[in-house]
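Please read the structure below before turning to the comments.
Below, chain A is the first sequence line, B the second, and so on; all start at residue 1. The model shown is predicted, which means the values in this text are computed figures rather than measured ones. Note that these values count all heavy atoms, side chains included, but never hydrogens, waters or copies made by symmetry.
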There are 4 protein chains.
Amino acid sequence: MAPLNDEQLHQIRDERKEQIMEAALKVFSRRGIVGTKMSMIAAEAGISHGLLYHYFKSKDELFTTLVQMAMLGAQDAMKSIYDLQGSPLDKIKYLTKEILDESGRPYFMLIHQARTSEGVPEKVKELVAQYSMNSFVDELLPVFKEGQQTGEIAAGDLVELISAYLSVLSSLMMLNIQDEENYRIPSSDILMRMVTGP
Amino acid sequence: MAPLNDEQLHQIRDERKEQIMEAALKVFSRRGIVGTKMSMIAAEAGISHGLLYHYFKSKDELFTTLVQMAMLGAQDAMKSIYDLQGSPLDKIKYLTKEILDESGRPYFMLIHQARTSEGVPEKVKELVAQYSMNSFVDELLPVFKEGQQTGEIAAGDLVELISAYLSVLSSLMMLNIQDEENYRIPSSDILMRMVTGP
Amino acid sequence: MAPLNDEQLHQIRDERKEQIMEAALKVFSRRGIVGTKMSMIAAEAGISHGLLYHYFKSKDELFTTLVQMAMLGAQDAMKSIYDLQGSPLDKIKYLTKEILDESGRPYFMLIHQARTSEGVPEKVKELVAQYSMNSFVDELLPVFKEGQQTGEIAAGDLVELISAYLSVLSSLMMLNIQDEENYRIPSSDILMRMVTGP
Amino acid sequence: MAPLNDEQLHQIRDERKEQIMEAALKVFSRRGIVGTKMSMIAAEAGISHGLLYHYFKSKDELFTTLVQMAMLGAQDAMKSIYDLQGSPLDKIKYLTKEILDESGRPYFMLIHQARTSEGVPEKVKELVAQYSMNSFVDELLPVFKEGQQTGEIAAGDLVELISAYLSVLSSLMMLNIQDEENYRIPSSDILMRMVTGP
DNA sequence: CATGAATGAGCCTTCATTCAT
DNA sequence: GATGAATGAAGGCTCATTCAT
């Protein structure tokens, strides 16, 4: 069989890369960088572990790449709520679901891993510093402020409130919902009480 | 000189054992069983890694011992709130602080590790099953119920509420408070809103 | 270039596996399971110690596999004498040489190790029980009985005689013949006197 | 209590030393130098493992001391048969029992360990060379020669015959008689056939 | 590009030996 | 003399990474 031409090769490369990243995200986000073996990612992606090293120089690089992508995606998600219709509280509810629901969760989990795990690469530490909690708080400040004005959001220091809100969401994500016996992700209603106040 | 008498030996043994367990608790609770190397515990305790094995047969045994102790301690902490004076809400606030403050936190963190980590010993899985979240919920049911009657606690399914409350606390604990740049443990006020309701 | 096809891979795997087993047999049979380090086997096979674990899960598994094979081989050797021409005594002489000569010796030595060493895996203990001395005695009973009838074999309890004969052979094997200064494997003539009688 | 005087101390030293050596002989002779842990010897002697090092500098020294003693004892046993009454064959039978019976067996087993085990100290290798099989053969040559003259012993090369005889005895000793399932020490009758011939 | 064989650093654990008491 | 706490070298095993095919 004739060798593939350049374009085909490029496409294979991209598809494969995406396939690997998807698998890696799935595994890294649950198990962290230390708890993840390259063989797990390979198995999840349905390829040999050797092939991983054609697309990523090392486990660290793969992890770092994913964190970078997740950081950008998280910021996008924050920004995207401003495109929605509805009250400020509606927007915040939407974001809450976005973070806790299946779709976006792995990204936020990965960010959490990057922030809290020991043994992450130096580059990841830099990313964590660059995309600090504050940068996400800034992104949400306008909608929360508007909510305060409409009375939907509790009075008080907004930076504190938003930080607390994001911290709770971030940590909750990490709970294995399968394991109902032990943990239960709170309903939106209960969660929203934190920000709406009495 | 005569060898040490039994009492002295026991004291040394107990002190060392405690010293090791304290060090191990510190490290395990932050890094989990997989992320913890025996050499880390040894370094934290200021002893050689070989000595660990005079006191504990294996890493697994050490971890299991700590989890067992933490489970008992956690249940005690739950029960202890009934000895306090004050309204139901006061008691819940007290427990909240107990869990999030420096003193009790490592124990609860360890329990969280036991519940969520991969690679924990079989014995720990049994302990987790035995001391399930439900058993803790049961412990708190009376005080929450009383709070509902006095109107301090929001109406609604109490098991759900308490589970949510404990889940939030459990996950929050795992955040490095030092890491102010990234996370902020919510103030009691904000947390309490979840249970007091609007 | 395309990856190796299945057949090639299997061949490599099988060759390597055989190479490792040969090396392991050599070392285990002399030094027993405790006295053998995986690095010795690796060195003997000319590979890295890490590679051993691609082919065998553990030292125990490797040892067990070899013992199993040796047990089967030993039984085959016993049976094979019935295919030979010649008098009963000829057949027994042949078997004696088979056991003491370079070719079959390591297998019988390994069986001896399995029977007499401390620290052998549980599975090996089962194998030893399954392939007990008695089962080998049973295999040889017909030829010895025939020998008794022809007068070549001494009168008396055959089970005792065969057991004694096998015990002597088994223990003799373990002598390092290189080390002539200290031990001398008896000549067949001398050995045969035990079974032929006065 | 007043400290012991010199003589008392010396006696304790000797008694202890003997107690340790007896225990060590028991364990070493069965399990070899590699399979024996210092803690096993301490347990067998009923003392702490630390105390072993008051009497013997190291495991190697302890082993070497025992081998030395066993070598001397073995030679004595050989010589002692000449003090007996009876025919040459009677003397050889006596020696055979001496070697295989409970009393002298550990010494001969230890010698066997010294000769055949890997990982014995250099000093032991020298001892093995010094007290080679040949020296034992020499010791027995007269009685065997006499037996040949009386016709009790088979004709042929005596050095070969004696070497074979000792090799068989040495290796048989190592069999665990308990382990009847697998091995059976031959009866004297069967063994004697080797030397008496047809 | 794709595979899996191969390597070796590093972790858990054991055990001979030392030493304070 | 006697004890057992303490140390560290070394062995079994895992897994990230490399490389021949």
Side-chain angles (χ1 to χ4, degrees), chain A residues 3-4 8-9 12-13 16 33-34 36-42 47-60 62, chain B residues 1-6 8-10 12-13 15-17 34 36-42 46-62, chain C residues 1-6 8-10 12-13 15-17 34 36-42 46-62, chain D residues 3-4 8-9 12-13 16 33-34 36-42 47-60 62:
Chain A
L4 301 175
Q8 285 173 308
L9 277 178
I12 285 186
R13 202 175 167 84
R16 272 278 190 252
I33 187 167
V34 180
T36 297
K37 300 172 200 169
M38 289 299 263
S39 61
M40 291 174 180
I41 298 173
I47 60 173
S48 75
H49 63 272
L51 190 53
L52 293 178
Y53 290 87
H54 272 265
Y55 297 94
F56 297 92
K57 228 182 343 226
S58 68
K59 186 177 171 179
D60 276 9
L62 175 52
Chain B
M1 185 172 156
L4 300 177
N5 62 39
D6 268 16
Q8 287 172 307
L9 277 178
H10 267 303
I12 287 184
R13 260 198 97 79
E15 277 172 16
R16 269 278 185 260
K17 211 161 174 171
V34 180
T36 297
K37 299 168 201 171
M38 288 301 261
S39 61
M40 291 173 180
I41 297 175
I47 61 175
S48 75
H49 68 270
L51 190 53
L52 292 178
Y53 292 88
H54 272 258
Y55 296 93
F56 296 92
K57 253 199 303 269
S58 67
K59 186 176 171 180
D60 276 9
E61 194 203 82
L62 176 51
Chain C
M1 183 171 159
L4 300 176
N5 62 38
D6 268 14
Q8 286 172 308
L9 277 179
H10 267 301
I12 287 184
R13 260 196 97 78
E15 277 173 17
R16 268 278 184 260
K17 214 162 171 170
V34 179
T36 298
K37 301 170 199 167
M38 288 300 262
S39 60
M40 291 173 180
I41 297 174
I47 59 174
S48 74
H49 69 269
L51 189 53
L52 292 179
Y53 291 89
H54 271 260
Y55 294 93
F56 296 93
K57 254 202 299 271
S58 66
K59 187 177 169 177
D60 276 10
E61 195 202 80
L62 176 51
Chain D
L4 302 174
Q8 286 173 309
L9 276 177
I12 286 186
R13 207 178 161 82
R16 272 276 190 257
I33 189 168
V34 180
T36 297
K37 301 173 200 170
M38 288 300 262
S39 61
M40 290 173 179
I41 298 173
I47 60 174
S48 75
H49 64 272
L51 190 53
L52 293 178
Y53 290 87
H54 272 263
Y55 296 94
F56 297 92
K57 236 187 332 233
S58 70
K59 187 177 172 179
D60 277 8
L62 175 51

Distance check: side-chain N/O of B:R16 vs OP1/OP2 of F:dG4, anything under 4.0 Å? no

When C:V34 and B:S48 are each assigned the nearest nucleotide of DNA chain F, the 5'-most assignment goes to B:S48

Rounded to whole angstrom units, what separation is found between the OH atom of C:Y53 and the P atom of F:dG11? 12 Å

Which is it for C:H49 and C:I41 under the side-chain contact (heavy atoms from CB on, under 4.5 Å) test, yes or no, and what are the steps along the way? CA-CA 8 Å; C:H49 69 269; C:I41 297 174; over 6 Å; no

Does E:dA9 have a Watson-Crick or wobble partner in any strand here, with both distances under 3.5 angstrom, and which is it? F:dT14

State whether the distance check finds a donor on one side and an acceptor on the other, under 3.5 Å, for side chain B:H54 versus base F:dA6. yes

Decide yes or no, distance alone: a donor-acceptor N/O pair under 3.5 angstrom between the base of F:dA5 and the side-chain of D:H49. yes

Indicate yes or no: at least one non-hydrogen side-chain atom of D:L52 is less than 4.5 angstrom from one of D:K59. no

So is B:K17 actually on top of B:F56's ring, under 6.0 Å and inside 45° of the axis? yes

Across all strands shown, which nucleotide pairs with E:dA20 by Watson-Crick or G-U wobble geometry, both distances under 3.5 Å? F:dT3

Heavy atoms only, 4.0 Å cut-off, all strands: where does B:I47 land among base, sugar-phosphate and nothing? sugar-phosphate

Presence of B:Y55 side-chain N/O under 4.0 Å of F:dA6 phosphate oxygens OP1/OP2: yes

